[in-house]
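All remarks here apply to the structure that follows.
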Amino acid sequence: MPVECSKCTDQRAALKRPKTGQSLCKECFFWVFEEEVHHTIVSAELFKPGETVAIGASGGKDSTVLAHVLKVLNERYRYGLNLILLSVDEGITGYRDDSLETVKRNQEQYDLPLKIVSYEELYGWTMDAIVKQVGMKNNCTFCGVFRRQALDRGANLLNVDKICTGHNADDVAETVLMNVLRGDISRLRRCTAISTSSGGEGVLPRCKPLKYAYEKEIVLYAYFKKLDYFSTECIYSPNAYRGHARAFLKDLESVRPSAIMAVLHSGENLSIKESVKMPVQGTCGRCGYISSQALCKACVLLEGLNRGLPKLGIGKHHRLHGKLLSQEPLTEAEERKLKAVDF
């Protein structure tokens with residue numbers, strides 16, 4: 001027997017919401033999803049009228065839905081925002097080049113400006129070249145660090161006020177689990193923040209309007225809206241540590257769908273004892289980017305690549321930062337240790 005939409009009761013339900021269990025027709029689902037994002041934006045005061053906001057656009061479902069919903073809400077509620085798409089080309093043949101074609105189509109579909117920055121122009125390296133040197137084990141570390149800084153650099157070129165990313169509830173819950181498993185207290189403390197303030201020279205505030213949106217509902221929204229997005233996984237990500245947290249979270253969700261939000265809220269309500277020593281945020285002595293060490297992670301990783309020492313930025317090698325800053329040569333033993341890579 002057909003199930004009625006629990007909201008309007010006029011139409012046949014097209015889906016059952018993973019987040020709440022409600023049976024909704026397509027139009028009611030669109031409205032409820034958009035209104036929840038609007039509530040998140042308003043309650044967290046993510047934007048101010050007149051701001052220029054860069055949307056981190058990868059061509060994937062999250063960033064495509066984010067761009068579409070922000071454009072809709074900006075017009076519906078007159079946020080007064082100037083929206084721009086900002087993409088990073090990591091230089092992954094057969095993956096990023098295809099997804100950027102999707103972003104270019106999104107630019108035309110949403111009538112929004114687009115800026116693309118690349119690892120090659122910013123760092124002199126592509127991910128294809130990096131993987132050839134470091135192997136498949138730690139490549140996501142390089143990509144994540146470089147991409148975060150590349151977004152900031154691209155946004156600064158555009159002179160925007162804020163960066164908006166498509167991180168959803170699943171992403172945040174996975175990050176909470178990862179930081180618990182790694183015992184990373186400093187990241188655990190800040191990973192659930194819906195927005196971050198400017199943290200130094202060249203670092204712009206970031207926000208996550210989709211923070212409370214389930215990944216499954218984002219997929220449903222994109223599917224029923226027939227949005228144009230790229231769905232292939234990165235060819236270098238099968239061994240990513242996040243994949244283990246994701247698999248665990250999906251197992252929890254299959255038993256108890258509210259587990260995603262429960263993990264997220266646990267991270268939000270976490271309190272750290274005052275006696276716990278936290279890293280002090282400063283700036284990188286080389287590039288001026290935020291860092292709790294003498295050199296930021298991006299500069300250390302880049303130094304390792306340029307010196308042919310790919311393990312320099314993997315693990316804790318803070319005692320070497322002074323040598324790197326002063327351009328001192330490393331000892332033979334240090335170089336031998338940093339050249340070893342597990343492929």
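Owing to the predicted nature of the structure, the values given are computational and were not obtained by experimental measurement. Below, each value reflects all heavy atoms present in this structure, side chains not excepted, and no hydrogens, waters or symmetry copies.
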Determine, using the 4.5 Å side-chain heavy-atom cutoff (strictly less than), whether Tyr241 and Leu188 are members of one ILVMFWY cluster. no
Residues Val176 and Cys191: closest non-hydrogen pair is CG2-SG, 3.8 Å
Distance in Å, Met127 CE paired with Cys143 SG, rounded so as to fall on 0.5 Å steps: 4.5 Å
Quick one: closest heavy-atom pair of Thr40 and Pro209, and the distance? CG2-O, 3.7 Å
Within a radius of less than 6.0 Å around CZ of Phe224, do more than 12 heavy atoms belonging to other residues, nucleotides or ligands occur? yes
Heavy-atom pair with the smallest gap, counting every atom of Cys296 and Cys284: N-SG, 3.3 Å
Counting distance only, does the side-chain N/O of Lys208 pair as donor-acceptor with the main-chain N or O of Ala193 below 3.5 Å? yes
side-chain hydrogen bond (donor to acceptor under 3.5 Å, both in side chains) between Ser186 and Asp184: does it pass, once the steps are laid out? CA-CA 6 Å; Ser186 61; Asp184 195 331; 3.1 Å; yes
Arg148 vs Leu151, side chain to side chain contact (heavy atoms under 4.5 Å, CB included): CA-CA, chis, key distance, verdict: CA-CA 5 Å; Arg148 180 174 181 83; Leu151 273 175; over 6 Å; no
Within a 6.0 Å radius of atom CZ on Arg182, are there more than 12 heavy atoms belonging to other residues, nucleotides or ligands? yes
I need the Asp170 CG to Ile260 CD1 distance, nearest 0.5 Å. 3.5 Å
Taking atom NZ as the centre, does Lys250 end up with more than 12 heavy-atom neighbours from other residues, nucleotides or ligands that are less than 6.0 angstrom away? yes
Is a side-chain donor or acceptor of Thr196 paired with a backbone partner of Arg206 at a separation under 3.5 angstrom? yes
Do we see a donor-acceptor contact under 3.5 Å between the side chains of Arg96 and Ser99? yes
Atom of Gly166, atom of Asp171 and distance for their closest heavy-atom approach: O-OD2, 4.1 Å
Any chance you could measure Glu215, atom CD, to Leu220, atom CG, to the nearest 0.5 Å? 11.0 Å
Could you go through the side chain to side chain contact (heavy atoms under 4.5 Å, CB included) check for Lys104 and Leu114 one step at a time? CA-CA 8 Å; Lys104 290 171 185 175; Leu114 169 65; 4.0 Å; yes
Pairing of Glu174 and Arg242 as salt bridge, 4.0 angstrom limit: yes
Evaluate the side-chain proximity of Glu120 to Trp125: yes if any heavy-atom separation is below 4.5 Å, no if none is. no
As an exercise, state the distance from CD of Glu27 to CG of Asp10, rounded to the nearest 0.5 Å. 12.5 Å
Quick one about Thr20 and Gln22 (side-chain donor to acceptor, distance below 3.5 Å, no hydrogens or angles considered), yes or no? yes
What verdict does the side-chain hydrogen bond (donor to acceptor under 3.5 Å, both in side chains) test give for Asn106 and Gln109, after you've listed the backbone C-alpha separation in whole Å, the side-chain angles of each residue and the deciding distance to 0.1 Å? CA-CA 5 Å; Asn106 290 160; Gln109 292 156 359; 3.0 Å; yes
Apply side-chain hydrogen bond (donor to acceptor under 3.5 Å, both in side chains) to Asp128 and Tyr236, showing your working. CA-CA 9 Å; Asp128 287 339; Tyr236 295 138; 2.6 Å; yes
Any cation-pi pair here, Lys225 with Phe30, using under 6.0 Å and within 45°? yes
Can you give me the closest heavy-atom contact between Leu204 and Ala155, atom names plus distance? CD1-CB, 3.3 Å
Is a donor on one side and an acceptor on the other found under 3.5 Å between the side chain of Ser237 and the backbone of Cys234? yes
If hydrophobic clusters are built by linking Ile, Leu, Val, Met, Phe, Trp and Tyr wherever their side-chain heavy atoms come under 4.5 Å apart, do Tyr212 and Val219 end up in the same one? no
I'd like to know if the side chain of Arg78 and the backbone of Leu73 have a donor-acceptor N/O pair within less than 3.5 Å. no
Does atom OH of Tyr77 have more than 12 heavy-atom neighbours, drawn from other residues, nucleotides or ligands, at distances under 6.0 Å? yes
I'd like to check Ile55 versus Leu86 (side-chain heavy atoms, cut-off strictly below 4.5 Å). Are they in contact? no
Should Val72 and Leu46 be counted in the same cluster of Ile, Leu, Val, Met, Phe, Trp and Tyr side chains packed under 4.5 Å apart? no
Is Val32 reachable from Val42 through a run of hydrophobic residues whose side-chain heavy atoms are each under 4.5 Å from the next? no
Checking the side chain of Lys71 only, and the main-chain atoms of Leu66 only, is there a donor and an acceptor separated by less than 3.5 Å? no
Tell me, with the steps shown, if His265 and Glu268 meet side-chain hydrogen bond (donor to acceptor under 3.5 Å, both in side chains). CA-CA 5 Å; His265 288 318; Glu268 286 180 327; 2.8 Å; yes
For a quick check under 3.5 Å, do Glu36 and His39 share a side-chain donor-acceptor pair by atom type? no
Take Asp161 and Phe47 through the test side chain to side chain contact (heavy atoms under 4.5 Å, CB included) and record every step on the way to the result. CA-CA 9 Å; Asp161 301 296; Phe47 307 120; over 6 Å; no
Answer yes or no: does atom CG of Asn269 have more than 12 heavy-atom neighbours from other residues, nucleotides or ligands under 6.0 Å? yes
Shortest non-hydrogen contact from Tyr214 to Ser258? OH-CA, 3.7 Å
Find out if a path of hydrophobic residues (ILVMFWY) with successive side-chain heavy-atom gaps under 4.5 Å connects Val37 to Met261. yes
Hydrogens and angles aside, do Asn139 and Thr141 bring a side-chain donor and acceptor to less than 3.5 Å of each other? no
When you look at NZ of Lys7, are more than 12 heavy atoms from neighbouring residues, nucleotides or ligands closer to it than 6.0 Å? no
Tyr95 versus Glu90, side-chain donor and acceptor atoms under 3.5 Å: no
Strictly distance-based, threshold 3.5 Å: is any side-chain N or O of Asn74 a donor or acceptor partner for the main-chain N or O of Gly80? yes
Between Tyr79 and Leu70 (side chain of the first, backbone of the second, donor and acceptor by atom type, cut-off under 3.5 Å), is there such a pair? no
Can you confirm whether more than 12 heavy atoms, excluding those of Arg76, are under 6.0 Å from its CZ atom? yes
Salt bridge (Lys or Arg N to Asp or Glu O under 4.0 Å) with Arg105: of Asp111, Asp98, Asp228, only one passes, and it is Asp228
Any non-hydrogen side-chain atom of Phe230 less than 4.5 Å from a side-chain atom of Leu100? no
Yes or no on side chain to side chain contact (heavy atoms under 4.5 Å, CB included) for Val65 and Tyr229, after CA distance, side-chain angles and deciding distance? CA-CA 9 Å; Val65 168; Tyr229 68 94; over 6 Å; no
Would you indicate whether the side-chain heavy atoms of Leu305 and Phe142 approach each other to under 4.5 Å? yes
In Å and rounded to the nearest 0.5 Å, what is the OG1 to NE2 distance from Thr175 to His167? 6.5 Å
Step by step, work out the salt bridge (Lys or Arg N to Asp or Glu O under 4.0 Å) result for Glu4 and Arg12. CA-CA 5 Å; Glu4 284 185 345; Arg12 182 182 296 183; over 6 Å; no
Rounded to the nearest 0.5 Å, what separates atom SG in Cys5 from atom CZ in Phe29? 11.5 Å
For Asp251, look at atom CG and say whether over 12 heavy atoms of other residues, nucleotides or ligands are found less than 6.0 Å away. yes
